[in-house]
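This report concerns only the one structure given below.
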Amino acid sequence: MRKKVMAKVILTVLILAMSATVLTGCRFGFASDPDDPNEVEKKVPIDTSTDTFEYDASLDGTSITLLNTKAEIQVALEEMGAEFEKKSGVHVEVMPVTDGDSPYTKMISLYNSGNPPTLAILDTTDVIALAEEKAVDLTGEAWTAEAEGYTTDIGGKIYSFPLCIEGRGVIYNRKAIEETLGREFDPDSVTTLDQFKALLDELVAGGMEKPVSMAKEDWSLGAHQLQYIYETFDGTSEGAQKVIGDIKAGEADLHSYGRVSEFLDMFDVLKEYNVAKGDPLGADYDEMAIDLADGKTAFWFNGNWAWPNLSEAGAKEEDAYGFLPYFMNNDSSDFVNSKIQGSPSKQVMLDGQVATEKEQAAAKEFLNWIVYSEIGQQMLVKTCNIIPPFQNNPYEPADPLSRDIYEKVHNGRAFNASAIVPNDHWAVLGAAMQKYLAGRSDREELINSIQDYWNEQE
């Protein structure tokens with residue numbers, strides 16, 4: 001299994017800024033080897049027997065394009081588009097971003113060429129940068145009521161369709177924990193940083209030398225982890241933007257802002273128990289998935305998008321995978337110690353500059369089909385394996401990580417905070433975090449690097 005997994009092709013989509021979860025979401029696409037004759041494709045059946053959606057016959061024969069920046073659902077989107085075409089007569093061409101471009105860079109290139117996609121799956125930061133000039137105002141669309149709390153307000157208007165909810169935290173392998181400890185493990189029993197550290201010590205004593213897998217990628221360090229200092233201000237997007245504004249204005253001293261030191265306290269614990277502690281910048285992403293699936297480690301900081309990697313590494317659903325919060329202190333009443341960060345990670349923008357009225361109408365019908373048709377609802381969840389942000393969607397995701405996030409979102413155990421940051425945030429500060437992870441800088445230098453970054457912003 002190890003050799004097979006290491007031979008797999010990794011499609012790395014370095015997504016620049018995932019606001020509205022924002023940098024929470026999927027930055028990593030995993031594709032199975034198309035040349036493997038033994039590869040068995042598993043498909044969840046879709047019931048197409050019921051379809052009460054009303055299609056506009058005047059749109060039959062229209063063609064639209066959809067730019068996809070979420071690599072791991074490329075095939076699923078193509079299947080979704082094909083099914084929509086069967087029903088509506090509207091052709092949906094799904095265009096992948098596979099050349100290393102960021103979503104924003106790709107969009108600018110397409111606009112400059114005069115050939116932008118009708119629809120584009122983008123990070124929220126990109127929508128904010130492009131929408132008022134280039135997008136169609138979607139404020140009056142009916143689906144906005146179904147996505148209450150997950151739409152993005154730009155100047156009092158809605159310019160994007162929230163495609164999915166994604167969440168992140170400390171993934172656990174329950175079976176590995178229980179086999180090492182020789183007792184049952186209740187994830188809800190850990191509610192503070194000290195309790196988490198005590199659990200790690202117990203695992204070490206039980207023979208698991210280094211229980212934590214720690215990604216070294218700049219997007220993981222500079223976005224998925226570092227952005228906790230903004231998102232946990234009060235657990236809201238408004239709070240995240242307030243603290244960012246205060247930092248930029250010099251009104252928030254990062255040395256005294258409590259969430260910075262609390263974040264680093266947790267980061268230091270992960271760093272100390274890292275399985276790749278001897279060479280943290282040499283850690284391999286695939287190897288981390290294998291280590292967690294094999295039970296060499298018990299924890300991996302990541303998001304629900306990591307399940308394809310774990311599944312390819314041999315993880316079994318019955319081993320019971322889920323998420324612990326990113327513990328930041330010892331106050332069990334603090335929401336950061338009991339809730340998972342879960343927000344809409346990808347937004348769909350509709351072009352308002354080049355697309356014709358008929359193309360725009362067809363694109364709107366496709367979005368409404370995703371929300372309101374029985375087939376679209378199923379395919380969003382079952383085919384794309386997405387956590388739906390729409391209240392009327394009755395389907396639950398199948399994989400254990402997405403299911404855990406789904407349950408936490410619906411049980412009030414997730415906080416929806418989105419930090420809107422510049423496109424180079426994860427790259428610049430991810431490099432500073434890598435330096436800290438490798439022990440080549442101390443807290444003072446790292447904090448100064450964060451402050452220097454914001455001082456350079458307009």
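- Listed for the Asp123 side chain is no donor-acceptor partner under 3.5 Å among the backbone atoms of Asp126.
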Step-by-step side chain to side chain donor-acceptor pair (under 3.5 Å) determination, Asn302 to Tyr285: CA-CA 11 Å; Asn302 215 320; Tyr285 194 93; 3.0 Å; yes

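- A salt bridge does not link Glu166 with Lys346: none of the charged nitrogens is closer than 4.0 Å to a carboxylate oxygen.
- A salt bridge between Lys382 and Glu396 is absent, with no side-chain N of the basic residue lying under 4.0 Å from a carboxylate O of the acidic one.
- Residues Val170 and Met266 are in side-chain contact: their nearest non-hydrogen atoms beyond the backbone lie under 4.5 Å apart.
- Counting only residues at least two apart or on different chains, the salt bridge (Lys or Arg N to Asp or Glu O under 4.0 Å) pairs with a member in residues 325-340 are Arg259-Asp334.
- Side-chain contact check for Cys164 versus Pro344: every heavy-atom pair is 4.5 Å or farther apart.
- The CD atom of Glu93 lies 13.0 Å from the CG atom of Leu77; values are rounded to the nearest 0.5 Å.
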Hey, mind stepping through Gln377 and Asn393 against side chain to side chain donor-acceptor pair (under 3.5 Å) and telling me if it holds? CA-CA 6 Å; Gln377 288 177 342; Asn393 193 315; 5.4 Å; no

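- A donor-acceptor contact under 3.5 angstrom links the side chains of Thr236 and Asp234, judged on distance only.
- Classification of the Phe366-Trp369 ring pair by plane angle, with boundaries at 30° and 60°, yields parallel.
- In this structure, Ile121 CD1 and Met107 CE are separated by 11.5 Å, a value rounded to the nearest 0.5 Å.
- No side-chain heavy atom of Asn385 sits less than 4.5 Å from a side-chain heavy atom of Ile73.
- Taking the six-membered ring for Trp and thresholds of 30 and 60 degrees, His224 and Trp305 have ring planes inclined between 30 and 60 degrees apart.
- The distance from atom CG of Leu163 to atom CD1 of Ile370, rounded to the nearest 0.5 Å, is 6.5 Å.
- Counting only N and O atoms by type, the side chains of Ser402 and Asn304 include a donor and acceptor under 3.5 Å apart.
- For Glu72 and Lys70, the salt-bridge test passes: some basic side-chain N is under 4.0 Å from an acidic carboxylate O.
- The minimum heavy-atom distance between Ala431 and Asp218, with the atom names listed, is N-CB, 4.3 Å.
- Taking the ring centre of Tyr228 as origin, the terminal cationic atom of Arg168 falls inside the region bounded by 6.0 Å and 45° from the ring axis.
- With a 4.5 Å cut-off on side-chain heavy atoms, Phe53 and Ile375 do not count as touching.
- Checked against the 6.0 Å centroid threshold, Phe390 and Tyr150 do not count as a close aromatic pair.
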Given side chain to side chain donor-acceptor pair (under 3.5 Å), test Ser49 with Asp47 step by step and report yes or no. CA-CA 6 Å; Ser49 62; Asp47 180 8; 2.6 Å; yes

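- Between Asp265 and Arg443 a salt bridge is recorded (basic side-chain N to carboxylate O distance below 4.0 Å).
- Using a distance-only test at 3.5 Å, with no hydrogens or angles considered, a donor-acceptor pair links the side chain of Lys210 to the main chain of Glu272.
- Of the N and O atoms on the side chains of Glu444 and His255, at least one donor lies less than 3.5 Å from an acceptor on the other residue.
- With no hydrogens or angles considered, no side-chain donor-acceptor pair links Ser332 and Thr191 at under 3.5 Å.
- A salt bridge does not link Arg403 to Asp399: none of the charged side-chain nitrogens sits closer than 4.0 Å to a carboxylate oxygen.
- Scanning all heavy atoms of the two residues, the minimum distance from Asp291 to Val275 falls at OD2-CG1, 4.1 Å.
- Using modelled atom types, one finds a donor on one side chain and an acceptor on the other under 3.5 Å when comparing Asn173 with Tyr321.
- Judged by distance alone, the side chains of Gln378 and Glu374 never bring a donor and an acceptor atom under 3.5 Å apart.
- Between the Ser256 side chain and the Asp253 main chain, a donor and an acceptor come within less than 3.5 Å of each other.
- The shortest heavy-atom contact between Ile244 and Ile420 is CD1-O, 3.8 Å.
- A salt bridge does not link Glu178 with Lys175: every distance from a Lys NZ or Arg NE/NH1/NH2 to an Asp or Glu carboxylate oxygen is 4.0 Å or more.
- Cation-pi check for Lys248 over Tyr453 is not met; the charged atom does not lie both under 6.0 angstrom from the ring centroid and within 45 degrees of its normal.
- With a 6.0 Å radius and a threshold of 12 heavy atoms from other residues, nucleotides or ligands, Glu209 has its CD atom at or below the threshold.
- Under the 3.5 Å distance criterion, with hydrogens and angles disregarded, no donor-acceptor pair is assigned to the side chains of Glu146 and Thr144.
- By the 6.0 Å contact criterion, CD on Glu318 is enclosed, its count of non-hydrogen atoms from other residues, nucleotides or ligands being greater than 12.
- No side-chain donor-acceptor contact under 3.5 Å links Asn337 and Tyr326.
- Remark: aromatic rings of Trp143 and Tyr372 are distant, center separation not under 6.0 Å.
- When every heavy atom of Asp442 is checked against every heavy atom of Glu445, the shortest pair comes out as OD1-N, 2.9 Å.
- In terms of heavy atoms, Leu203 sits closest to Thr180 at O-CG2, 3.6 Å.
- Atoms CD1 and CD1, on Ile450 and Ile247 in that order, are 8.0 Å from each other to the nearest 0.5 Å.
- Among all heavy-atom pairs drawn from Ser237 and Ser418, the shortest one is OG-N, 2.9 Å.
- By the 4.5 Å heavy-atom criterion applied to side chains, Ile171 and Phe323 are counted as neighbours.
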May I have the step-by-step check of ring pair (Phe, Tyr, Trp, His ring centres under 6.0 Å) for Phe415 and Phe335, ending in yes or no? CA-CA 8 Å; Phe415 64 95; Phe335 74 91; 5.2 Å; yes

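- Residues Val269 and Phe327 have side chains not in contact (no heavy-atom distance under 4.5 Å, counting atoms from C-beta outward).
- A donor and an acceptor atom, one from each side chain of Asn416 and Ser343, are located under 3.5 Å apart.
- The pair Glu202-Lys197 does not count as a salt bridge, with every side-chain nitrogen at least 4.0 angstrom from each carboxylate oxygen.
- Side-chain contact check for Val421 versus Trp454: some heavy-atom pair is nearer than 4.5 Å.
- Side-chain contact between Leu138 and Tyr159 is absent, with no heavy atoms from C-beta onward closer than 4.5 Å.
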